[in-house]
Protein chains: 2
Amino acid sequence: MGDVVGTRGGAGQACRGRCGACPARATGLCAIGAAGTAAAATGLAEAVALDTGEALFSQGDAARHVYAVAGGTLKLTRLMADGRSHVAGFVSAGDTVGLAGADAATHAFGAVALGKARVCRFRRDRLLDLADACPAFGRGLFGLVSAELAAAQDRMLLLGRKTAQEKVASFLLAMLAAGNRHGGTADTLELPMNRADIADHLGLTFETVSRCVTKLKSTGSIRLLPGNRVQVRDAPALADLAAAA
Amino acid sequence: MGDVVGTRGGAGQACRGRCGACPARATGLCAIGAAGTAAAATGLAEAVALDTGEALFSQGDAARHVYAVAGGTLKLTRLMADGRSHVAGFVSAGDTVGLAGADAATHAFGAVALGKARVCRFRRDRLLDLADACPAFGRGLFGLVSAELAAAQDRMLLLGRKTAQEKVASFLLAMLAAGNRHGGTADTLELPMNRADIADHLGLTFETVSRCVTKLKSTGSIRLLPGNRVQVRDAPALADLAAAA
DNA sequence: CGATCCCTTGACGAGTTTCAAGTGGCGTGG
DNA sequence: CCACGCCACTTGAAACTCGTCAAGGGATCG
């Protein structure tokens with residue numbers, strides 16, 4: 001696990017200086033913490049820095065913390081006994097990690113940084129205590145898990161009923177939307193993960209992902225830019241291929 | 001939607017008489033309601049009876065209620081624009097329906113009774129108010145959604161990375177476990193849904209499901225009994241095929 | 001008794017995976 | 001500064017799983 005870079009003070013006061021500029025401030029765990037009470041979750045945060053490929057936690061680890069991503073991207077991976085793997089999702093600034101399986105003692109998936117990443121961690125028991133004390137915070141936590149569940153149901157439809165081409169188109173649109181949530185360029189998205197990670201996320205092989213991307217490129221719907229970036233040149237065509245639910 | 005059979009009184013008092021014998025009493029929404037406070041969610045329940053094939057609610061309907069299944073089984077279905085469908089899950093006595101997408105104004109899926117079913121419904125806003133007033137109840141709701149999310153992640157692994165045979169074996173074991181939760185026969189499970197529903201649940205076609213079941217039957221792992229029941233004769237072999245995460 | 005629905009089984013084909021080779025970019029080291 | 005090697009990605013061909021189309025059997029209900 002990454003080094004603890006700094007520990008926040010006990011009150012919101014000590015936090016504001018550092019949280020103020022945080023891109024995650026306005027979303028997810030931190031947003032409901034800030035809105036909830038004056039002495040909110042922000043006072044409980046510990047910053048963690050991760051290098052490329054470093055694990056924030058591994059599948060099966062004791063789940064004592066919940067994490068808010070401040071910068072960078074992490075992949076959430078589940079492994080099967082025979083080596084097959086599934087990427088449950090990608091999280092970036094503003095997303096919350098590890099909230100699922102509230103009573104579960106251990107994490108059902110591992111979290112690995114795809115590049116340098118910054119994360120704030122909160123003790124799970126403290127968050128639950130805070131939810132007890134502050135109904136607004138409790139509703140916020142509930143809403144976060146609830147939204148995650150809704151997203152999971154969308155992905156089940158994708159995994160079970162969409163073709164490879166539809167999966168890739170859906171994924172690109174989802175990444176575009178995720179990027180624009182925090183002020184990305186309107187038609188360009190970044191792919192910090194490699195083809196294999198995308199494949200594991202979509203239930204495909206990396207060769208198939210590559211072929212689908214090539215096809216989208218050749219039809220002119222997208223264009224590959226240097227630095228693992230993708231420009232969406234025909235979003236409607238992509239949405240059409242994505243075959244939304 | 002089904003007829004409202006009866007309306008519970010405002011206090012726990014009026015409910016006890018009817019809830020006492022309910023198989024759902026000890027699980028899910030009702031359990032946390034009973035444990036939470038004396039004047040818990042049970043006082044807010046309205047009973048609903050459904051006939052075979054009847055919808056409790058449809059995809060896109062306003063999501064004003066949350067439901068606790070008292071008897072029977074329902075399937076939760078999502079439809080794609082082109083007619084492809086996905087069964088998000090099956091719920092039976094003790095399960096909770098419609099908790100997901102807390103802030104969502106509409107249901108992301110429809111719920112259809114697979115036989116005669118009994119359901120108790122609760123106004124969503126009342127439940128959230130109750131959670132505000134009673135932290136234990138709030139934690140209970142959070143735990144329910146959280147557990148659903150954990151289950152959803154298991155199913156994503158199944159949908160994305162398992163073969164048809166593994167999917168069917170996993171499904172049968174899951175149904176066996178679900179049946180035994182409430183005192184079913186140790187090695188026999190009921191399948192109130194047809195092959196097409198199972199297929200839509202597992203991301204397969206009903207022909208493929210049929211072939212996989214036949215194969216399990218021919219290897220002696222299972223035996224088909226009258227009344228859409230299945231006897232598991234070799235659970236370890238099934239677990240082996242299921243290729244658990 | 002017939003109709004209908006669901007399930008089973010077979011044959012074929014499409015889409016995806018698997019296996020394999022080749023290309024390109026990027027950092028390292030000479 | 002350039003060559004080399006590594007890694008990720010691309011591309012091709014063959015194999016295989018699963019889907020599609022089609023026909024038939026069995027149970028249930030009117």
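The sequence lines fix the lettering, A, B, ..., with proteins before strands; numbering per chain opens at 1. Because the structure is a prediction, the values reported are computed rather than measured. FYI, side chains are in, hydrogens and waters are out, and symmetry mates aren't considered; it's all heavy atoms of this structure.
For A:N194 and D:dC6, the CG to P distance is 19 Å, given to the nearest whole Å. If you take CG of A:L224 and P of D:dA8, they are 17 Å apart, rounded to a whole angstrom. Note: NZ (A:K217) to C1' (D:dC9) measures 10 Å, nearest angstrom. Residue A:R195 contributes atom CZ, which lies 16 Å from atom P of C:dG24 at whole-angstrom precision.
Remark: B:E166 engages A:R84 in a salt bridge, criterion side-chain N to carboxylate O under 4.0 Å. The existence of a salt bridge linking A:R181 and A:D95 is confirmed by a sub-4.0 Å separation between a basic side-chain nitrogen and an acidic carboxylate oxygen. A salt bridge links A:E46 to A:R121: one of the charged nitrogens lies within less than 4.0 Å of a carboxylate oxygen. Using a 4.0 Å cut-off between a side-chain N of Lys or Arg and a carboxylate O of Asp or Glu, A:D154 and B:R78 qualify as a salt bridge. In this structure, B:D200 pairs ionically with A:R161, as a charged nitrogen and a carboxylate oxygen lie closer than 4.0 Å.
In terms of position on DNA chain C, the residue among B:S210 and A:V209 whose nearest nucleotide sits closer to the 5' end is B:S210.
Applying the 4.0 Å criterion to OP1 and OP2 of C:dT9, one finds that B:T214 has a side-chain N or O inside that range.
In this structure, the side chain of A:N180 engages the main chain of A:A186 through a donor-acceptor pair within 3.5 Å.
B:H201 meets the ring-ring contact (aromatic ring centres under 6.0 Å, His included) test with B:F90, B:F171; sequence neighbours excluded.
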How does protein reach along nucleotides 14-30 of chain D, written 5' to 3' as B (base within reach of a heavy atom under 4.0 Å), S (only sugar-phosphate), or - (no contact)? ----SSBB---------
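Taken over five-pair windows at either terminus, the axes of the helix from C:dC1-D:dG30 to C:dG30-D:dC1 are inclined to one another by 30° (rounded to 10 degrees).
Between B:F109 and B:F57, the ring planes are tilted. Angles from 30° to 60° get that label.
At a threshold of 4.0 angstrom between heavy atoms, the contacts of B:I198 with the nucleic acid are absent.
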